[in-house]
Amino acid sequence: MTFQVTNQKTGNSFSAEETETVLDAAMRQSRVFSYSCRSGACGSCKARLISGEVNPGEYTTGVLSKSEKAAGNILLCQAQALSDIVIEANELPPGTAMTIRTLPCRVVSLEKVSHDVMLLQLKLPKNQRFEYLPGQYIDILLRDGRRRSFSMANAPNSEEGLQLHVRLVPDGHFTGQVFTTLKVRDLLRFQGPLGTFFLREDETWPVIMVGGGTGLAPLKAILDNALVKHPARAFHLFWGVRSAEDLYLDNEIRRWLDVHPNLSYTPVLSEPKIADRWDGEIGLVHEAVLRKYPELDGFEVYASGPPPMIEALKAAFAAHGLPPERLFFDSFEFTADSC
Ligand SMILES: Cc1cc2nc3c(=O)[nH]c(=O)nc-3n(C[C@H](O)[C@H](O)[C@H](O)COP(=O)(O)OP(=O)(O)OC[C@H]3O[C@@H](n4cnc5c(N)ncnc54)[C@H](O)[C@@H]3O)c2cc1C
Ligand code: FES
């Protein structure tokens, strides 16, 4: 059966089949709601059900608190309409997101830049253009039907193709292959671009960026573009890793500082080694942000990386005055098939 979904916030409506999630229905009709993991784990697609009935679907415990559930909150990436429904949801202007496509690509290079990070460069077929907004991600489609999400680490550039920063996950099915059997010239397939983690270019708020490990990748893509397009806007990048050997792009970021006066950079080590002789910030990356900026009401924040970092930061930054509508995040949740 087909039902009508109306967003009370914008007055926009679209149709949804009872067999698809509200988010899939919206994307099929080029409507753009905030989302990231699409697996019910990150909470980015939270919306309020005002009227009508849905099957809420399955999601990770804790993504919706008791009070949020009581207030009628649902996850658009999981909920399926069982009647016409009215929701209240964050919606981006039509045309904001790019068309999602499935494309082949070839491995051009594999560069191991730290003990557990591979820089993977992919080239698209000559006649294909792949448009995306810096900060978005792709799903690599594996032969057995599974998919794995990775953020583009560069702004769109047909010469460079796509750059990914792949962290080796212990016993990881795909990332294990990237570090062992994947070779230059191998073919992969991917779907994208996905996600709504991109710079809100119409805003002028100074930006705080918080990356954990390879969470640097989408932030680097955003900066690649924004430092050129919006040179007057202030960006402060905080990059949290374990020890100095994990700062795999430190030199490149420091080179940007020489040419972009509105860019600041603070690397933060959670477990520096004695040999690091580290006299910089130590501890959790979001705590380093709060030491520098205890009042966050005058900022926009973009955060990406491990789910515990995102969860800690959401609560702490709200307590320090960051309005929820100015926090954008990509939580590097792992795919449900691996749980
Ligand atoms: C929107 C989005 C963007 C992402 N972008 C990036 C990126 O740019 N770079 C990057 O390195 N990663 C990124 N990730 C995370 C990445 O998708 C996973 O690490 C990857 O899917 C792991 O695949 P695998 O087959 O190697 O591991 P699996 O075989 O799926 O997992 C093996 C084991 O490790 C656990 N596991 C899997 N992934 C993780 C993880 N990330 N952290 C801790 N434990 C894990 C599983 O539960 C399982 O027990 C992103 C995730 C999302 C949702
Ligand atoms: S919970 Fe829906 S996009 Fe992550």
Side-chain angles (χ1 to χ4, degrees), residues 21-24 26-27 32-47 56-64 68 73-80 89-90 113-114 116-120 122 132 134-154 162-182 190-198 211-222 241 246 248-249 303-311 314 328-339:
T21 67
V22 177
L23 183 68
D24 282 343
M27 286 166 76
V32 192
F33 290 94
S34 297
Y35 75 95
S36 174
C37 71
R38 293 183 304 153
S39 60
C42 75
S44 170
C45 65
K46 226 175 261 180
E58 290 183 8
Y59 47 85
T60 309
T61 320
V63 176
L64 289 178
E68 284 175 327
N73 279 282
I74 56 171
L75 297 176
L76 297 182
C77 74
Q78 300 302 303
Q80 294 170 310
N90 292 330
V113 287
S114 79
D116 67 351
V117 177
M118 189 75 84
L119 252 59
L120 178 59
L122 304 171
Y132 62 93
Q136 288 192 291
Y137 70 94
I138 53 171
D139 270 358
I140 303 276
L141 306 176
L142 307 184
R143 289 215 169 85
D144 59 9
R146 290 188 272 179
R147 41 174 71 220
R148 297 291 184 261
S149 308
F150 292 92
S151 312
M152 272 71 77
N154 58 333
L162 307 182
Q163 291 174 3
L164 309 180
H165 297 176
V166 179
R167 188 179 74 85
L168 177 64
V169 171
D171 301 322
H173 175 70
F174 175 70
T175 59
Q177 288 173 17
V178 170
F179 276 73
T180 52
T181 52
L182 193 71
F190 71 88
Q191 190 179 57
L194 298 164
T196 52
F197 188 67
F198 41 74
T214 46
L216 177 72
L219 302 176
K220 178 186 168 287
I222 292 174
V241 297
D246 300 313
Y248 59 85
L249 229 61
S304 55
M309 180 196 92
I310 301 291
E311 281 314 303
K314 274 195 222 168
F328 305 97
F329 61 89
D330 245 0
S331 181
F332 282 9
E333 306 286 345
F334 29 94
T335 321
D337 74 47
S338 59
C339 300

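One is the number of the first residue; the rest follow in order along the sequence. What you see is a predicted model, and the numbers here were worked out from it, not measured in a lab. Indexing begins at 1, ligand by ligand and atom by atom, following the structure's order.
- Under a 4.0 Å criterion applied to the non-hydrogen atoms of S151, ligand 1 contributes the atoms 3 (C), 4 (C), 5 (N), 6 (C), 7 (C), 8 (O).
- Nearest-heavy-atom check against atom 10 (C) of ligand 1 across L168, I140, T214 picks out T214.
- A side-chain N or O of D330 and one of S36 form a donor-acceptor pair less than 3.5 Å apart.
- A search for salt bridge (charged side-chain N to carboxylate O under 4.0 Å, His left out) contacts involving D116 returns nothing, not counting sequence neighbours.
- Using a 4.0 angstrom heavy-atom cutoff, D171 counts as in contact with ligand 1.
- Under 2.8 Å from atom 4 (Fe) of ligand 2, one finds the following protein N/O/S atoms: C37 SG, C42 SG.
- Of all the listed residues (S149, S36, G215), S149 holds the heavy atom that lies closest to atom 17 (O) of ligand 1.
- For the pair H165 and ligand 1, the shortest N or O to N or O distance falls below 3.5 Å.
- Remark: side-chain polar atoms of E68 are not paired, donor with acceptor, to backbone N or O of N73 under 3.5 angstrom.
- Contact annotation: A153 has no heavy atom less than 4.0 Å from any atom of ligand 1.
- Within the listing of ligand 1, atoms 51 (C), 52 (C), 53 (C) sit less than 4.0 angstrom from a heavy atom of E333.
- Of all atoms in ligand 1, listed by their number and element, those nearer than 4.0 Å to a heavy atom of V166 are 11 (O).
- Remark: ligand 1 atoms within the under-4.0 Å shell around heavy atoms of H173 are 24 (P), 25 (O), 26 (O), 27 (O), 28 (P), 29 (O).
- Interface of T175 with ligand 1, defined as ligand atoms under 4.0 Å from a residue heavy atom, comprises 24 (P), 26 (O).
- We find that D24 and R38 are not joined by a salt bridge, their nearest charged nitrogen and carboxylate oxygen being 4.0 Å or further apart.
- Partners of D144 according to the salt bridge (charged side-chain N to carboxylate O under 4.0 Å, His left out) rule, which considers only residues two or more places apart in sequence or in another chain, are R146.
- Considering only residues two or more places apart in sequence or on other chains, Q177 meets the side-chain contact (heavy atoms from CB on, under 4.5 Å) condition with H173, F174, T181.
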